[in-house]
Amino acid sequence: MTYKDHKLKIYNSLSNEKEIFIPLHEGYVGMYVCGPTVYSKVHLGNVRTFMSFDMIYRYLLHLGYKVRYVRNITDVGHLVDDLDEGEDKIAKRARLEQLEPMEIVHRYTVDFHDILKQFNLLPPSIEPTATGHIIEQINIIQKIIENGYAYESNGSVYFDVAKYNQDYEYGVLSHRQLEDMVGNSRKLDGQSDKRNEQDFAMWKRADPEHLMRWPSPWSDGFPGWHTECTTMSTKYLGEKFDIHGGGMDLKFPHHECEIAQGKASTGHTPVNYWLHANLLTLNGKKMAKSSGNNILPGEILCGESPLLSKAYSASVTRFLMMQTHYRGIMDFSDEAILAAEKGHNRLMKSLETLQKLEAGKISTLDIPAWRDNCYGAMNDDFNTPILISHIFEAVNFINLLRDKSASLIATDLDLFRSLLSEFVYDVLGLVIESEVHDGHIEKLDGTINLLIEMRNAARASRNYFVSDQIRDGLARLGIQLNDVKEGTTFNY
RNA sequence: GGUCCUGUGGCCGAGUGGCUAGGCAGAGCUCUGCAAAAGCUCGUACAGCGGUUCGAAUCCGCUCGGGACCUCCA
C-alpha cells in the first residue's frame with residue numbers, strides 16, 4: 001500500500017478543520033518544523049513536540065512519500081522578553097556562564113541531538129542554523145523593504161504590520177483581528193524604534209558589547225527570530241511548501257509573522273498545511289523553562305527526579321506520548337508513565353510470541369480488515385491512540401493464535417507480522433530493549449538456566465525450601481521466573 | 001479584560017447524534033506445591049442545569065471548574 005491507496009486527513013490550523021492532504025507535487029512532501037533555541041537543555045515538553053512530528057514524518061515515509069524534512073536550530077535572534085526589547089537568549093546565557101555564545105550554542109545542540117537520538121527520533125533531512133543563513137536573511141529583509149512592508153529605524157528593521165494588514169490580512173492563522181490586538185497589547189516602558197507595537201523586528205542593531213553581530217546595510221547587528229524560519233524554509237523547500245509544524249505556543253506570534261513575511265516577500269501564502277502539536281503539562285501546568293516547571297528527558301531515563309518513583313526507558317516514554325493524540329494536552333505524571341510501562345511491556349512480550357507462531361490451514365481472523373482499521377486511525381489526523389487500541393486487539397489475536405483458538409494461513413500470518421512490525425517499530429518508533437548490553441548475556445542466561453534446572457529438580461522432589469530460595473533470590477536481583485506450561489522462562 | 005480550547009468510569013486517554021475505543025488499577029476465574037507471571041471474564045462513565053430531537057456524552061444556551069494565547073517558551 002502506498003499513499004495512493006489512502007485518504008490522509010490532516011487538521012489544518014489555518015482552517016481549523018481536517019482537510020484531505022494533497023501535496024503540491026504528487027509523491028513528494030516538503031515539511032518544515034520549528035526547532036529549538038539552543039540556550040539550555042531540552043525539556044520533556046520540547047521532546048514531545050519533536051516526537052509528534054517525528055511520528056508524522058515516519059508515517060509519511062511509511063506511506064511512500066519522499067519527504068524533505070527541514071528542522072532548524074535557532075542559534076541567534078531569540079529574545080528573552082518583551083516585544084523585541086529584551087536580550088538575546090543565547091547572549092544572556094553566554095554572559096551568565098562566561099562563555100562564547102557559540103560555545104553555548106554548540107553545547108546545547110549536542111545535548112539536543114543526543115537526547116533525540118536516545119528517544120529514537122529520526123534526524124531531519126536538513127537541519128539549518130540561523131547563523132549559517134545571515135546573508136539569505138538580509139536578502140529577504142531587503143526584498144520586504146523594497147515591497148514596502150518593512151522600514152529601517154535607528155539601524156534596526158521592523159515589519160510594518162499595519163501596512164501589511166491593508167493589503168493582506170494579519171491574523172489568518174491565530175484567527176485574530178489586528179484591531180483587537182492594538183488595544184490589548186502591553187505598553188512599552190522604554191523608548192521604541194517601532195512605529196507600532198505590533199511591528200516585529202527583522203534586524204536588530206547590536207549594542208557595542210553584543211558579541212553576536214554581522215554587518216548589514218542597516219547596522220552591525222543580528223536577525224530577528226521570525227526571519228530565520230521564513231528564510232530557511234524558503235531556501236530549502238521553496239516559496240510555497242506543504243507542511244509547517246511547531247508547538248502550539250508558536251502559533252502566535254511566530255507563525256503568524258512567518259506567514260506575513262512570506263506574503264510580503266512573495267505575494268502568496270507560503271504554507272498549505274499548518275500543524276500544531278499540543279503542549280505537555282506537569283502537575284496540570286504548562287511545562288516551560290522560564291517558569292521552572294519542567295522535567296528533563298534524561299531524568300526519566302535515570303529516574304533521578306523527585307517526581308519519579310523509578311527510571312523509565314525511552315521507548316516507554318514514547319509509548320506514553322503516542323497514547324495521547326498530538327493535538328491534545330498531555331499531563332505527565334509518574335502514575336501515567338508507570339501504567340504506560342506495563343502496557344508497553346505486555347505489547348513487547350506479545351510481539352516476541354508472534355515470532356514463534358506457525359501458520360495454519362485456514363484463517364479465522366480477518367487481518368485485512370484489521371489492517372484497514374489501523375490505517376483508518378492514522379489517516380484520521382494521525383490518531384495514534386486509536387492505532388494503539390487496534391494494536392492491543394492484535395495482542396489479543398496473538399494470544400488466541402498461541403492458544404490455538406485461532407489460526408492464520410501463511411500469507412495472512414506474514415501480513416500480520418509485517419504490519420505489526422511496521423506500525424510498532426517504523427511508525428510509532430518503539431524499540432525492543434535489552435537491559436543487559438555488556439556482552440555477558442550468554443553467560444548470564446546460561447547461569448540462570450542452570451539455576452532453573454536446580455530449582456525444578458528441587459520442586460520435583462518437593463524441596464520447596466530450596467526452590468523458593470532460588471526463585472526469591474533471583475527476584476531480589478531483578479530476575480523474574482515465569483512458570484508456564486512448557487517449563488520455566490525468565491526475564492530481567 | 002480580549003481570543004480560543006477543554007471538563008469522559010479509581011487513574012490515563014479515544015470518540016462528536018443511536019452500534020457505547022484502548023491502557024493501567026480493581027474484582028472473579030484458569031494455571032500452579034504456594035506465589036509470581038501469563039491468559040480469560042467483568043466493571044456501563046461522559047461537570048451541572050435547561051433546550052432541540054423519536055433518541056445526546058455527542059448539537060444549542062446558561063452556570064461552574066481547568067487550561068492556552070494575548071509578553072519569551074516546543
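Numbers restart at 1 for each chain; the letters A, B, ... are given by sequence-line order, proteins then strands.
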Roughly, in whole Å, what's the span from [atom1] in [X] to [atom2] in [N]?
X	N	atom1	atom2	result
Leu279(A)	U6(B)	CG	P	15 Å
Ile388(A)	C24(B)	CD1	C1'	14 Å
Leu387(A)	G22(B)	CG	P	14 Å
Met248(A)	U3(B)	CE	P	19 Å
Ile90(A)	C72(B)	CD1	P	16 Å
His276(A)	C5(B)	NE2	P	15 Å
Tyr11(A)	G15(B)	OH	P	12 Å
Asn456(A)	U32(B)	CG	P	14 Å

I'd like to know if [X] pairs up with [Y] as an ion pair, taking the criterion as any Lys NZ or Arg NE/NH1/NH2 lying under 4.0 Å from an Asp or Glu carboxylate oxygen.
X	Y	value
Lys310(A)	Glu341(A)	yes
Arg471(A)	Asp483(A)	no
Arg95(A)	Glu209(A)	no
Arg58(A)	Asp54(A)	yes

For the side chain of [X], starting at C-beta, report the closest nucleotide among [options].
X	options	value
Ile386(A)	C34(B), A74(B), A14(B)	A14(B)
Asp249(A)	A21(B), C69(B), G33(B)	C69(B)
Thr37(A)	A74(B), A14(B), G39(B)	A74(B)
Ser389(A)	A35(B), A14(B), G22(B)	G22(B)
Phe392(A)	A37(B), A74(B), G23(B)	G23(B)
His325(A)	A37(B), A14(B), A68(B)	A14(B)
His43(A)	C34(B), A74(B), A36(B)	A74(B)

Same-atom distance ([atom1]) from [N] to [M], integer angstrom:
N	M	atom1	result
A57(B)	C19(B)	C1'	15 Å
C11(B)	G48(B)	P	15 Å
A45(B)	G9(B)	C1'	4 Å
G2(B)	U52(B)	C1'	31 Å
A14(B)	G7(B)	C1'	15 Å
G55(B)	A21(B)	P	23 Å
G15(B)	U6(B)	P	11 Å
A38(B)	U44(B)	C1'	27 Å

**RNA chain B: 5'-proximal contact among His254(A) and Gln323(A) (nearest heavy atom)** =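 The residue whose closest nucleotide sits nearer the 5' end is Gln323(A).
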**His175(A) or Tyr326(A), whichever maps to the more 5' nucleotide of RNA chain B** =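 Closer to the 5' end of RNA chain B: His175(A).
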Answer yes or no: is there a donor N or O on one side and an acceptor on the other, between the side chain of [X] and the main chain of [Y], under 3.5 Å?
X	Y	answer
Asn278(A)	Arg327(A)	yes
Asn379(A)	Tyr375(A)	yes
Thr364(A)	Ser407(A)	yes

Categorize [X] for me: base, sugar-phosphate, or nothing, with a 4.0 angstrom heavy-atom threshold over every strand shown.
X	value
His390(A)	nothing
Leu250(A)	sugar-phosphate
Gly246(A)	sugar-phosphate
Leu338(A)	nothing
Ser467(A)	base
Asp331(A)	sugar-phosphate
Arg402(A)	sugar-phosphate
Asp334(A)	nothing
Ile391(A)	nothing

Indicate, yes or no, whether a donor-acceptor pair under 3.5 Å links the base of [N] to the side chain of [X].
X	N	value
Asp380(A)	G15(B)	no
Arg346(A)	A38(B)	no
Asp483(A)	A38(B)	no

So, is [X] near the phosphate of [N], with a side-chain N or O under 4.0 Å from OP1 or OP2?
X	N	value
Asn399(A)	C40(B)	yes
Lys342(A)	G23(B)	no
Asn482(A)	U32(B)	no
Asn383(A)	G15(B)	yes

**Item:** Tyr164(A) and Tyr170(A) aromatic ring geometry - parallel, tilted or perpendicular at 30°/60° bounds
**Value:**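 Correct class here is perpendicular.
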**Message:** I'd like to know whether Tyr108(A) forms a side chain to side chain donor-acceptor pair (under 3.5 Å) with Asp75(A), so could you lay out the CA-CA distance, the side-chain angles of the two residues, the decisive distance to 0.1 Å, and finally the verdict.
**Reply:** CA-CA 10 Å; Tyr108(A) 294 114; Asp75(A) 55 358; over 6 Å; no
For [N], the Watson-Crick or wobble counterpart (both distances under 3.5 Å):
N	result
C54(B)	G18(B)
G1(B)	C70(B)
G7(B)	C64(B)
A27(B)	U41(B)

**Message:** If the glycosidic angle sits within 90 degrees of zero it is syn, else anti. Tell me which applies to G43(B).
**Reply:**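 Syn, which is what one calls it when the glycosidic angle falls within 90° of 0.
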**Asked** Do we count Phe50(A) as stacking onto A74(B) if the rule is ring centres under 5.5 Å and planes under 30°?
**Response**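 Per 5.5 Å and 30° rule: no stacking.
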**Request:** Please check if atom CZ in Arg68(A) has more than 12 non-hydrogen atoms from other residues, nucleotides or ligands closer than 6.0 Å.
**Result:**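 No.
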